[in-house]
Q: 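Starting off with a structure, shown below.
Side chains are part of it too, since the values below use all heavy atoms of this structure and drop only hydrogens, waters and symmetry mates.
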Amino acid sequence: MYKIAWTTALIGAAGLSTPAAATLPDPVKAMIDAAIASGNKQDVLAIVKIAKTTNPDDAAEIDSMLADYNRSQAKVAEAALRKKQEAGFFENWEGQGELGGFRSTGNTKNLGLSGGIKLVKDAVKWRLNFQARADYERNRGKTTRDQLSATIEPNYKFDQKLYVYGLAQFERDRLQGFSARYTISGGLGYELVKTKDVRLAVKAGPAFRVTNFAGGKSESSLAALMGLDFDWKISDTLKFSQDAGGTWASDAQGYTSAVAIIDSDNATLQATSALDAKLIGSLSARFSYTVEHETNPPVGRFKTDTLSRASLVYDF
């Protein structure tokens, strides 16, 4: 022991120093910092894992950097939650506007204009959705398509996956034979899958529907409504969505933006698939395909129509 102490003293007297503890190489530290700056937690964990494998002697320093990152993420999440709790009704809305054209086949084979808007307010215990869409086309001086729909849907969340919904909807499609259709529904919804990139939710409940036909006749019925919502963020610039749903009624028939309706006299199916591609900033290009099918349409009409849409979408 005395010999070691004496040797250390001699080294110090000679102006020399003992070897310092190993520190994390600058390139590795810069790589971890870049992953943290990206904001992608999966990237951070992957880089940290590689760094610890290639630099086992620096595991403590790497763990310290990861702990600092986790603490900062927790603070961000807490601030976001506080902002949701304190926000007023007119705050924290997100949405998108859509404008473009479409090509139809089936009962009409023309080009037309299409537009829509979607608004979402997502709070801690509740969520409010609103969307509206209009399709319009003329051929040889005559209106060959005039569709309009608007839906408002409040949700109350029991937990992260289970929620109760309410729904009020207005539809108009004179060429399909009705000047107005009103639907009210309420029931339960459940998010089967909810990750950063994928969301799959289903809902079902009773509904009440009133239809005003173009000829002046009015009809009401009790029904059951069910729906499915699927969104898949393929990459930072590409997103796929597929919505589907159904309403079963004893008397009325109809459709929502993506719906199948079955009753004793007729079955109607409408399904839409969409692919969004980021262009620049908040602007995206959307390509969608809609199929509308009726097993027993009015006399003189085809059973199946399709709409191929190309539009620009602006997120706000």
Q: Please answer whether the main-chain N or O of L188 pairs with a side-chain N or O of K203 as donor and acceptor at a distance below 3.5 Å.
A: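 Checking the backbone N and O of L188 against the side chain of K203, no donor-acceptor pair under 3.5 Å is found.
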
Q: Using 0.5 Å steps for rounding, measure from the NZ atom of K161 to the NZ atom of K194.
A: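 Interatomic distance, K161 NZ to K194 NZ, rounded to 0.5 Å: 9.5 Å.
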
Q: Considering non-hydrogen atoms only, spot the tightest contact between R172 and S179 and give its length.
A: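 Shortest heavy-atom contact: CG-O, 3.0 Å.
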
Q: With a 4.5 Å cut-off on side-chain heavy-atom distances among I, L, V, M, F, W and Y, is there a chain of contacts connecting F102 to F287?
A: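 Per the 4.5 Å side-chain linkage, F102 and F287 are not co-clustered.
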
Q: Side chains of R133 and E98: does their closest heavy-atom pair fall under 4.5 Å?
A: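 In short, these two side chains touch, coming nearer than 4.5 Å.
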
Q: Closest heavy-atom contact between D58 and P25?
A: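 Smallest interatomic distance, heavy atoms only, reads OD2-CD, 3.7 Å.
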
Q: Check V44 against A35 and note the closest heavy-atom contact, atom names and distance.
A: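 In this case the closest contact between V44 and A35 is CG2-O, 3.4 Å.
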
Q: Consider only side-chain heavy atoms of I, L, V, M, F, W and Y, link residues closer than 4.5 Å, and tell whether L307 and L99 are in one cluster.
A: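 L307 does not cluster with L99.
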
Q: Under the criterion side chain to side chain contact (heavy atoms under 4.5 Å, CB included), which of D236, T237, L238 is the partner of I234?
A: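 Exactly one candidate clears the test, L238.
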
Q: Hey, what do you get for OG1 (T183) to CD (Q169), rounding to the nearest 0.5 Å?
A: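 So the OG1 of T183 and the CD of Q169 are separated by 5.0 Å.
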
Q: To the closest 0.5 Å, what do you measure between OG (S311) and CG (L113)?
A: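 It is 11.5 Å, given to the nearest 0.5 Å.
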
Q: Apply the test side chain to side chain contact (heavy atoms under 4.5 Å, CB included) to residues K29 and M65: give CA-CA distance (whole Å), side-chain angles for both, the deciding distance (0.1 Å), then the verdict.
A: CA-CA 9 Å; K29 188 174 186 300; M65 295 180 68; 4.1 Å; yes

Q: Are F130 and I117 side-chain neighbours, meaning at least one heavy-atom pair lies under 4.5 Å?
A: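 F130 vs I117: side chains touch.
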
Q: Within the supplied structure, the quantity of interest is the number of heavy atoms (other residues, nucleotides, ligands) at a distance under 6.0 Å from D26 CG; does it exceed 12?
A: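 No - once you tally the heavy atoms of other residues, nucleotides and ligands closer than 6.0 Å, there are 12 at most.
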
Q: To the nearest 0.5 Å, how far apart are CG in D122 and CH2 in W93?
A: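 That separation rounds to 10.5 Å.
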
Q: Can you get from L279 to V313 by hopping between Ile, Leu, Val, Met, Phe, Trp and Tyr side chains that sit under 4.5 Å apart?
A: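 Hydrophobic grouping puts L279 apart from V313.
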
Q: If you look at every heavy atom in G189 and Y165, which pair is closest and at what distance?
A: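 Looking at all heavy atoms of both residues, the closest pair is N-CD2, 4.5 Å.
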
Q: Assess whether atom CD of E94 is packed by more than 12 heavy atoms of other residues, nucleotides or ligands within 6.0 Å.
A: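 Open: at most 12 neighbouring heavy atoms sit under 6.0 Å from CD of E94.
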
Q: If you compare all heavy atoms of F170 against all heavy atoms of Y182, which two are closest, and at what distance to 0.1 Å?
A: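 So the two residues come closest at CD1-CE2, 3.4 Å.
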
Q: Quick one: are R309 and D135 in side-chain contact, heavy atoms under 4.5 Å?
A: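 The answer is yes; the side chains approach within 4.5 Å.
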
Q: May I ask you to say whether K278 pairs ionically with D315, meaning some side-chain N is under 4.0 Å from a carboxylate O?
A: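 Answer for the salt bridge query: yes.
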
Q: Could you check whether atom CZ of F158 has more than 12 heavy atoms from other residues, nucleotides or ligands sitting under 6.0 Å from it?
A: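 Counting other residues, nucleotides and ligands, CZ of F158 exceeds 12 neighbours.
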
Q: Taking everything shown except I184 itself, do over 12 heavy atoms lie less than 6.0 Å from its CD1?
A: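 It does not: I184 CD1 has 12 such atoms or fewer within range.
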
Q: What distance separates Q131 CD from S149 OG, expressed to the nearest 0.5 Å?
A: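 Spacing of CD (Q131) from OG (S149) equals 7.5 Å.
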
Q: If you look at every heavy atom in P206 and G186, which pair is closest and at what distance?
A: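 Taking P206 first and G186 second, the nearest heavy atoms are CD-O, 3.1 Å.
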
Q: Counting only heavy atoms not in R103, do more than 12 sit closer than 6.0 Å to its CZ atom?
A: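 Atom CZ in R103 is not packed in, count stays at 12 or less.
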
Q: Is the shortest side-chain N to carboxylate O distance from K52 to D63 below 4.0 Å?
A: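 Looking at K52 and D63, the cut-off is met.
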
Q: In Å, rounded to the nearest 0.5 Å, how long is the span from CZ of R286 to CG of L312?
A: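 Answer for the CZ-CG pair, R286 versus L312, is 10.5 Å.
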
Q: Before giving the answer on side chain to side chain contact (heavy atoms under 4.5 Å, CB included), spell out for F316 and S282 the whole-Å C-alpha distance, their side-chain angles and the decisive distance to 0.1 Å.
A: CA-CA 7 Å; F316 56 88; S282 299; over 6 Å; no

Q: Hydrophobic clustering (ILVMFWY, side-chain heavy atoms < 4.5 Å, transitive) - are L167 and V120 grouped together?
A: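 In one cluster: no.
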
Q: Going only through I, L, V, M, F, W and Y residues with side-chain contacts under 4.5 Å, is there a path from L192 to W232?
A: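 Linked, L192 and W232 end up in one cluster.
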
Q: Where do K41 and Y69 land on the side chain to side chain contact (heavy atoms under 4.5 Å, CB included) test, with the steps shown first?
A: CA-CA 9 Å; K41 187 172 183 179; Y69 167 74; 3.6 Å; yes

